[in-house]
Every structure is written in C-alpha cells, then in structure tokens.
Amino acid sequence: VTDRRVACPFCGLVCDDLVASGNGVVDSRGCALGAAGFRRGAVPRRSHAVAGTAVDFATATTAAAVLLKAATAPVFHGLAVDLAGIRALFALAERVGGAVDHLASSALLANAAVARASGWVVATFAEIANRADFILIIGNDPARAFPRFHERLVDNANPLYRAGPPRIAYLGPAEEAPPRVAPSLQADVTRTELLPALAQLGALLHGRRPQSSTEPLRTIASSLAEARYGAIVWTPASFAANEAELAVEQIAAMLRHLNATTRCVGLPLGGSGNGLGAMQASLWQTGWPLRLGFGEGTPRHDPWRFAGDRMLSSDEADALVWATTLVAEAPPATSRPVIALIPDDLVLPSPAAIEIRVGMPGIDHDGEIFRSDTVIALPLQATRPSDRPSVAAAASAILAKLQALP
Ligand code: SF4
C-alpha cells in the first residue's frame with residue numbers, strides 16, 4: 001500500500017500534509033493532538049443501545065424516530081461532525097421542527113455579530129503565511145488549540161511576498177503567551193485587563209496616549225502602524241463569554257483604522273469541530289447563521305432563544321439529539337431523553353436513551369470539513385475504513401423511519 005497525504009480534522013487548521021499508509025496515519029507531522037485524534041479510531045467497538053440494552057442499527061434508528069415523533073421541542077446540538085452529517089441533521093431538524101446549535105457557536109457568534117454589524121478585514125492562512133511582516137496575537141498562544149499554528153503560518157520557510165519571518169507581538173496573560181516574543185513586544189495583562197488594554201491600544205493607534213498604557217503596548221501600536229502587512233490574530237474563546245463581542249468589535253475597529261494608511265488583516269481563529277462548517281451550512285441552507293429554530297414553519301435565527309444549553313437547562317427542550325465525532329464530548333447533563341450519535345471512544349457518564357455508534361470522518365469514512373479561515377472545505381479520506389455508519393447515514397436513516405411512521 002502506498003503512502004498517501006491526508007487531511008487532519010482535529011483542529012481548525014485542517015493540515016493536509018499528514019501521511020497515511022495501510023491501516024492508519026503513520027506520520028502526524030509531530031502534532032500530538034492530531035496523533036491522539038487518529039488513535040481514537042483504534043478503540044474497540046461498542047453496541048448501539050436503547051435504554052442501555054444493545055440493539056442493532058435498525059432498532060436504534062427506529063427508536064430514535066419514535067422518540068422524535070413524540071417530541072414537541074427537540075434540540076439538535078453538538079454538531080461537531082462533517083458537512084454531510086451537518087446537512088443530514090438539518091434535514092432531520094427541519095422535519096421535526098427542532099432547534100439547532102453547535103457546541104462552539106458562542107465564540108463563533110461573537111465574530112459573526114461584529115462582521116454583520118460593522119464589517120471587517122480578514123485574511124486566509126495563505127495570506128498570513130506569505131505576506132504578514134508583523135503579527136499581533138491577542139488573548140493566548142494559538143498553538144494551545146491549533147498546535148501547528150507557528151509552523152504553518154509564522155515559520156513559513158518560503159514566503160512569497162515577505163523578506164523574512166514576521167515579528168511577533170502579544171497582548172494577553174503572561175502565562176499563556178506564545179514563544180519567541182521579544183520583551184519589548186509583549187504586553188502582559190490579566191484576563192480581566194484584556195478589554196481595557198484593547199481600548200488603550202485603539203486609542204494609541206488614533207494618536208492618543210492613555211496614561212495607563214505600558215511601553216510594550218505603545219511599541220505594539222507603532223509597529224502595527226508601521227507594518228507593511230500587519231495581522232491581528234485572536235481566538236474568540238480566549239475572551240470571557242460576556243466580553244467576546246466587545247473585544248472583537250474593538251479589534252475590528254482597529255483593523256478599519258489601520259487600513260486607512262497601511263494593510264492590516266484579522267485572523268479570527270475558531271471553528272474547530274467544524275464549527276465554521278455548521279455556520280456555513282446554516283447560511284447556505286437557510287440564509288441564517290446558527291442558532292436556528294425550525295419550529296415555526298420557516299427557519300428562525302435567535303442566538304439566545306435557540307442556544308442549546310439554555311434550552312436544556314430551562315427545560316424548554318423536550319429531547320436532545322447530540323451528534324459529535326470530531327470532538328469527544330459528552331452531551332450536557334439533562335433530564336430530557338437523549339439520542340446520542342457518537343463514536344466508539346466516547347463513553348457517556350450515564351447511558352443515553354438511544355446511543356447510535358457512528359464512524360469518524362477522516363478515519364472510518366471520507367468527509368469534508370471547513371478550515372478556520374472559512375476559505376475552503378477540505379476533503380477527508382478514510383484512513384482506517386470501516387462499516388460504521390456516518391452521522392449522515394444515521395440521521396438519514398432516522399428521517400426515513402420517521403417518514404414511514406403512521
Ligand atoms: S495542527 Fe490541527 S489539523 Fe494540524 S495536525 Fe495538528 S490537530 Fe491536526
């Protein structure tokens with residue numbers, strides 16, 4: 001069997017240079033997260049189950065259809081699955097009038113709200129890797145969630161449009177700083193000081209000089225203004241949930257201001273677990289981003305009303321369809337019956353009403369997921385092909401059973 005290059009679905013970088021051979025990935029390019037992700041496919045099989053009792057796939061999907069037919073306000077949540085799975089779950093949610101959310105949508109919605117309200121200037125991975133001569137990282141080291149960030153975007157050995165590596169600056173908690181930041185370009189602030197520091201940076205860019213601004217912050221401001229092609233990188237999840245939108249708005253305002261005199265782009269990192277795929281599929285199928293409700297005949301978008309966790313904790317939802325393969329995460333605790341579409345390596349703290357064991361895209365079957373720069377949906381190849389049903393196959397089977405019920 002010849003080696004082949006495959007893409008990795010375990011963070012939003014979706015690196016497409018890993019090597020698979022025979023029965024699995026043999027070179028994950030030194031990425032521990034990627035290697036651990038592909039090892040997830042090597043666990044023993046678990047049975048589909050109804051009320052904790054092992055059943056076959058047909059029985060499990062029939063039970064799921066019966067449960068959903070009786071539900072009046074089901075919520076479809078998790079959604080860390082491939083694009084085909086997301087689309088099949090949308091079709092099922094539409095049929096039963098359910099609400100739809102993604103486990104990472106809080107952070108993504110902060111970006112979407114700012115983009116919708118005021119617009120922004122963002123870039124692709126390739127533009128950052130080939131053009132950026134100055135990169136400001138805000139909030140924490142992106143390598144914590146995107147392990148090969150520096151290798152792929154900063155240390156590009158053959159950049160097309162810059163002479164050497166970019167200078168790196170950092171604004172955020174010292175203990176979460178990226179490596180190799182010059183002390184003069186590292187503005188250490190605590191998490192609670194981050195929002196005021198962003199306001200100070202914005203003021204400095206406008207030529208004002210806030211008294212409390214530090215020397216590194218002033219150096220960062222002048223470096224951004226002097227850069228030929230600056231970039232500001234942030235991970236929405238690194239901000240406190242109630243501050244994320246305001247923080248992103250401040251960054252967007254800085255980008256607008258800088259682009260009056262030079263070039264500076266944003267790179268919002270997020271969307272692991274195919275969160276951006278869920279957002280894109282939602283947009284192209286309904287015209288709205290997540291969070292969605294299908295209960296009123298036409299799709300409705302409401303980030304508060306259709307928040308999956310809120311609907312469950314307030315008992316507004318009366319059933320939960322939890323689907324996740326790319327992230328091994330159990331559903332939120334709920335007294336409502338749960339239909340779990342989950343891979344074999346995920347052991348739930350207590351049995352779900354119905355457990356349907358599905359395959360993982362990029363391991364058991366092919367698939368597609370979106371990269372964090374939203375530019376491209378990358379194909380995933382089955383690296384250990386199996387007959388495990390995909391999420392799309394399971395959701396479609398439930399929909400078919402539902403349509404056949406009296
Ligand atoms: S950085 Fe992300 S996409 Fe790349 S190999 Fe590691 S986990 Fe996979």
Side-chain angles (χ1 to χ4, degrees), residues 3-21 24-43 80-83 85 102-104 107-108 123-130 132 135 137 139-157 168 176 178-180 231 233-238 267-280 324-329 343 345-346 359-384:
D3 291 355
R4 61 194 200 282
R5 290 200 163 205
V6 296
C8 169
F10 297 110
C11 85
L13 293 187
V14 196
C15 303
D16 56 358
D17 60 350
L18 279 67
V19 181
S21 173
V25 166
V26 293
D27 184 356
S28 52
R29 303 293 187 189
C31 178
L33 183 63
F38 283 104
R39 275 198 302 274
R40 292 178 53 202
V43 297
V81 304
D82 65 341
L83 270 179
H102 185 281
L103 52 80
L108 295 174
T124 64
F125 290 168
E127 286 170 302
I128 303 283
N130 285 300
I135 299 177
I137 293 169
N140 64 16
D141 181 5
R144 291 172 161 242
F146 302 83
R148 295 175 67 196
F149 171 85
H150 297 285
E151 174 200 334
R152 304 206 70 204
L153 274 67
V154 178
D155 301 331
N156 178 10
I168 303 294
E176 297 180 40
R180 294 181 289 142
V233 178
W234 72 96
T235 310
S238 70
L267 181 64
L269 284 172
S272 291
N274 205 18
L276 286 165
M279 283 288 176
Q280 295 293 317
T324 172
T325 53
L326 300 170
V327 179
E329 189 164 321
D345 70 320
L346 182 53
M360 296 173 62
I363 297 181
D364 299 274
H365 60 85
D366 295 349
E368 282 179 307
I369 65 167
F370 265 86
R371 241 173 36 182
S372 282
D373 59 358
T374 326
V375 168
I376 186 170
L378 283 165
L380 304 172
Q381 293 180 28
T383 48
R384 290 170 57 104

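Atoms within each ligand, like the ligands themselves, are counted from 1 in listed order. Scope of the values below: all heavy atoms of this structure, side chains included, with no hydrogens, waters or symmetry mates. Along the sequence shown, residues carry numbers from 1.
With atom 2 (Fe) of ligand 1 as the reference point, the heavy atom nearest to it among P9, C11, A7 is part of C11.
Remark: side-chain polar atoms of R29 are paired, donor with acceptor, to backbone N or O of D17 under 3.5 angstrom.
D3 and S21 form a side-chain donor-acceptor contact under 3.5 Å, judged by distance and modelled atom types alone.
Proximity of P9 to N274: side-chain heavy atoms (C-beta onward) are nowhere separated by under 4.5 Å. In this structure, P361 and V81 have side chains that are not in contact, with every pair of non-hydrogen atoms separated by 4.5 Å or more.
Salt bridge annotation for D141-R180: absent, with no cationic side-chain nitrogen under 4.0 angstrom from a carboxylate oxygen.
Closest to atom 1 (S) of ligand 1 among all protein heavy atoms lies R148 N, 3.5 Å. Regarding atom 8 (Fe) of ligand 1, its nearest protein heavy-atom neighbour is C8 SG, 2.3 Å.
Taking a cut-off of under 4.0 Å to the non-hydrogen atoms of C31, the atoms of ligand 1 that pass are 1 (S), 5 (S), 6 (Fe), 7 (S). Atoms of ligand 1 lying under 4.0 Å from any heavy atom of G34, numbered from 1 in the order shown and given with element: 7 (S). Atom numbering of ligand 1 starts at 1 in the shown order; those under 4.0 Å from a heavy atom of L33 are 7 (S). For ligand 1, the atoms sitting less than 4.0 Å from at least one non-hydrogen atom of P147 are 1 (S), numbered in the order shown with element in parentheses.
Taking 2.8 Å as the threshold, C15 counts as a candidate ligand of atom 4 (Fe) of ligand 1, since one of its N, O or S atoms lies below it.
Screening I369, L108, D373 for a side chain to side chain contact (heavy atoms under 4.5 Å, CB included) involving L276 leaves a single residue, L108.
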